[in-house]
There are 2 protein chains.
Amino acid sequence: MSVALVSIVIRDAPGASAESRRRVLQAADELGYRPDTRARLLRSSRSRLLGVVFGVQHAFHGDLVSGLYTAADEVGYELALSAVTPGRHERRAVASLLQDRCEALILLGPHAPTSYLAGIAAHQPVVVVARAARHRDLDVVRTDDAEGLRQAVDHLVTRGHRRIAHIDGGRAPGAAERRRGYREAMRRHGLDTETRVLTGGLTEDDGATAARALLDANPPPTAVTVFNDRCALGVLDVLHRAGLSVPDDISVIGYDDSRLARLSTINLTTIAQDTEQITTLAVSRAADRLGHSPVTQRELVIPPRLVVRATTAAPPP
Amino acid sequence: MSVALVSIVIRDAPGASAESRRRVLQAADELGYRPDTRARLLRSSRSRLLGVVFGVQHAFHGDLVSGLYTAADEVGYELALSAVTPGRHERRAVASLLQDRCEALILLGPHAPTSYLAGIAAHQPVVVVARAARHRDLDVVRTDDAEGLRQAVDHLVTRGHRRIAHIDGGRAPGAAERRRGYREAMRRHGLDTETRVLTGGLTEDDGATAARALLDANPPPTAVTVFNDRCALGVLDVLHRAGLSVPDDISVIGYDDSRLARLSTINLTTIAQDTEQITTLAVSRAADRLGHSPVTQRELVIPPRLVVRATTAAPPP
DNA sequence: TTGAAAGCGCTAACAA
DNA sequence: TTGTTAGCGCTTTCAA
């Protein structure tokens, strides 16, 4: 019984008798044999490995990772995860994936400048997810964030709001786009003079801080669109504590449609990103590049969807 | 210039002239050379790779992963991450790590039965984190969850509470221990008759559901200890909406000291787990096993710490 | 200080 | 259907 024959059986490749298969499988089982992925990859030049860089603190990245696993499974790729943590920077995370011989990289909301990302893309396909990046070597899969904020503002204006503020995400990926969408929508409704952008961020604390600033305004806005759900949660909390009723006194719209937003007790009106489509497209885009399939659009922009829940209503009289 | 010489330079091993080093490094730089981790590991029998299974949805696991990266770094190990997602079960996550030839496995709050974990531990070291598991082959690093709940109950009793309920974590890792700690503490204070355990869970929704049941009680408790912070958040929300003031009408204690709890606006009294110590010990325990250092205690139980914030006070008169 | 040669566990081409 | 052989990119003797 040669190693080659065993290899055939283990890989479930054609060219072995039923009897051989049985014997090999049984022996493998008894010995607790596990194929060595590394040796396997070393031999066959392809690793069928997609590297994924994600932020370990981001709930939304968690959702994306879940979707990526499923999508990769379907096209026969494996995922190699590399986390960005407070003590482990993005470049470190990327470097470790490159050493592992990933065939392509999928970066979730990367903070690094486009030039750096393009540098990596010179060697292997790079798919940037949930962030804009203009470069001919970079594939991008992202939600149409500007459109998301347009939908939010339209929804509020339809309900009769005029004093609509935006608590932004600062320098976070996607923040600039959302700010732009907000500004454009306000202008389109002739509300230039009511446009008000406050500095927020990714976290509840950022939202809380911004909300306090919001309450100092005179008159305060009757509605506020917030960078993401987490940040919106901080806003909601401050508003409640200030004795304001949501949505009777002030309407709030989040972004992401996270688990938090869906909570019956929070029930936040929000902009949903289509994680399934984003992850499916990100993986198939990577696979296309690796399979040298022709790619027509470098950037795939997925429309978001307004999810109306209980934090938006008509403004107070 | 031979491959062997290049290898020496790249590994920064002794035995190469300064001139050779310079030339190799320069050439490597020009060619964009990256050592192939897989080939390297294939050759040297050791992979210096620690496999980590974590729940991609758990914020607390995120904190642990961050700590593990740091700890692994310090002892010269790399981490291979494998996520558990709604569509990717724990066994799948474990299997992929085993194929990657991780030298040891670190499992964060695994759900699998001890017998299954022990089966893996027969082949390589397994460190179970944040869950109890009694088996001679399994190393365990966990918080003294029972002690955590004792501290919570003691704190409340000291403040004058007697009707103290517990919203548990159902079948989640750690839930049984915390339940036991609660029951023991109540008994020790002679409050057997006031002991009341409600089924909760890991999420805000679980907490909300349990809190509604809590309010149906007559008389309702004056304080409640909750399985974790996320769950406590759901509880707080329901209480607020029911017009109850926390902590004036009812006190609430969470568990984990997550970012959520620290929010100035939530300010939840909670039980902090020492993530730094847990992760450091988990990694060094794995390293000890691999280095065949003698290990005295199979189970390392870390004391938790009560963090008093604004959700606990004396009961209403 | 350098190089030649063997081999880690596997796959792939070819021969038997 | 099975076995032989070569080699993936690296490390590690050992000799030059």
Side-chain angles (χ1 to χ4, degrees), chain A residues 1-51 76-78 80 95-105 123-124 290-291, chain B residues 1-51 76-78 80 95-105 123-124 290-291:
Chain A
M1 187 130 296
S2 69
V3 267
L5 184 53
V6 172
S7 174
I8 286 173
V9 174
I10 295 293
R11 278 177 297 140
D12 208 22
S17 66
E19 171 59 10
S20 299
R21 280 186 201 283
R22 196 193 53 71
R23 286 177 54 204
V24 169
L25 259 22
Q26 185 186 334
D29 200 44
E30 278 169 16
L31 299 172
Y33 170 83
R34 289 180 181 282
D36 186 329
T37 315
R38 282 148 209 284
R40 182 176 269 180
L41 298 185
L42 178 57
R43 171 60 229 218
S44 36
S45 47
R46 303 207 46 186
S47 73
R48 299 206 74 84
L49 208 56
L50 300 177
Y77 278 85
E78 297 271 316
S96 95
L97 290 178
L98 292 178
Q99 293 216 304
D100 285 347
R101 285 289 187 269
C102 293
E103 293 187 28
L105 256 43
H123 295 96
Q124 64 263 98
L290 294 171
Chain B
M1 186 129 298
S2 70
V3 269
L5 185 52
V6 172
S7 174
I8 287 173
V9 175
I10 295 294
R11 280 176 297 138
D12 207 21
S17 67
E19 171 60 10
S20 298
R21 282 190 200 281
R22 197 192 55 71
R23 284 176 57 202
V24 169
L25 259 22
Q26 185 185 334
D29 199 46
E30 279 169 15
L31 299 172
Y33 169 84
R34 287 179 182 283
D36 186 328
T37 316
R38 286 152 205 279
R40 180 176 272 180
L41 299 185
L42 178 57
R43 173 60 231 219
S44 39
S45 48
R46 303 209 43 187
S47 72
R48 298 205 75 83
L49 208 55
L50 263 28
Y77 279 86
E78 297 272 315
S96 95
L97 290 178
L98 292 178
Q99 296 214 177
D100 285 347
R101 285 287 187 272
C102 294
E103 293 186 29
L105 256 42
H123 295 96
Q124 61 264 98
L290 294 170

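Sequence lines set the chain letters: A, B, ... in the order given, protein chains first and strands last, and positions in each chain run from 1.
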Looking at the base of D:dG9, is there any donor atom on it, or on the side chain of B:Arg43, that sits under 3.5 Å from an acceptor on the other one?
no
Between A:Arg40 and C:dT11, is there a contact of a side-chain N or O with OP1 or OP2 at under 4.0 Å?
yes
Enclosure of B:Arg23 CZ (heavy-atom neighbours >12, cutoff 6.0 Å)
no
Heavy atoms under 4.0 Å, any strand shown: does B:Leu42 hit a base, just sugar-phosphate, or nothing?
base
Sugar-phosphate, base or nothing in reach of A:Ser7, heavy atoms under 4.0 Å
base
When we call it a touch if two heavy atoms are under 4.0 Å apart, what does A:Ala16 touch: a base, just sugar-phosphate, or nothing?
sugar-phosphate
Which one, C:dG3, D:dT1, C:dC10, comes nearest to the side chain of A:Ser20?
D:dT1
Would you tell me if any nitrogen or oxygen in the side chain of A:Ser17 comes within less than 4.0 Å of OP1 or OP2 on D:dT2?
yes
Result for side chain to side chain contact (heavy atoms under 4.5 Å, CB included) between B:Tyr33 and one of B:Val6, B:Ile10, B:Val24 points to B:Ile10
Between B:Ile8 and B:Ala39, the residue closer to the 5' end of DNA chain D by nearest nucleotide is B:Ala39
Over how many whole Å does the gap from A:Asp36 atom CG to D:dG9 atom C1' extend?
14 Å
N or O in side chain of B:Arg11 less than 4.0 angstrom from D:dT12 OP1/OP2
yes
Take the protein atom CZ of B:Arg101 and the nucleotide atom P of C:dC8, then report the distance between them rounded to whole Å.
13 Å
So how far is it from A:Leu42 CG to A:Asp36 CG, rounded to the nearest 0.5 Å?
9.5 Å
Can you tell me how far apart CZ (A:Arg21) and CG (A:Leu5) are? Round to the nearest 0.5 Å.
8.5 Å
For B:Leu5 and D:dT11, give me the distance from atom CG to atom P, rounded to whole Å.
12 Å
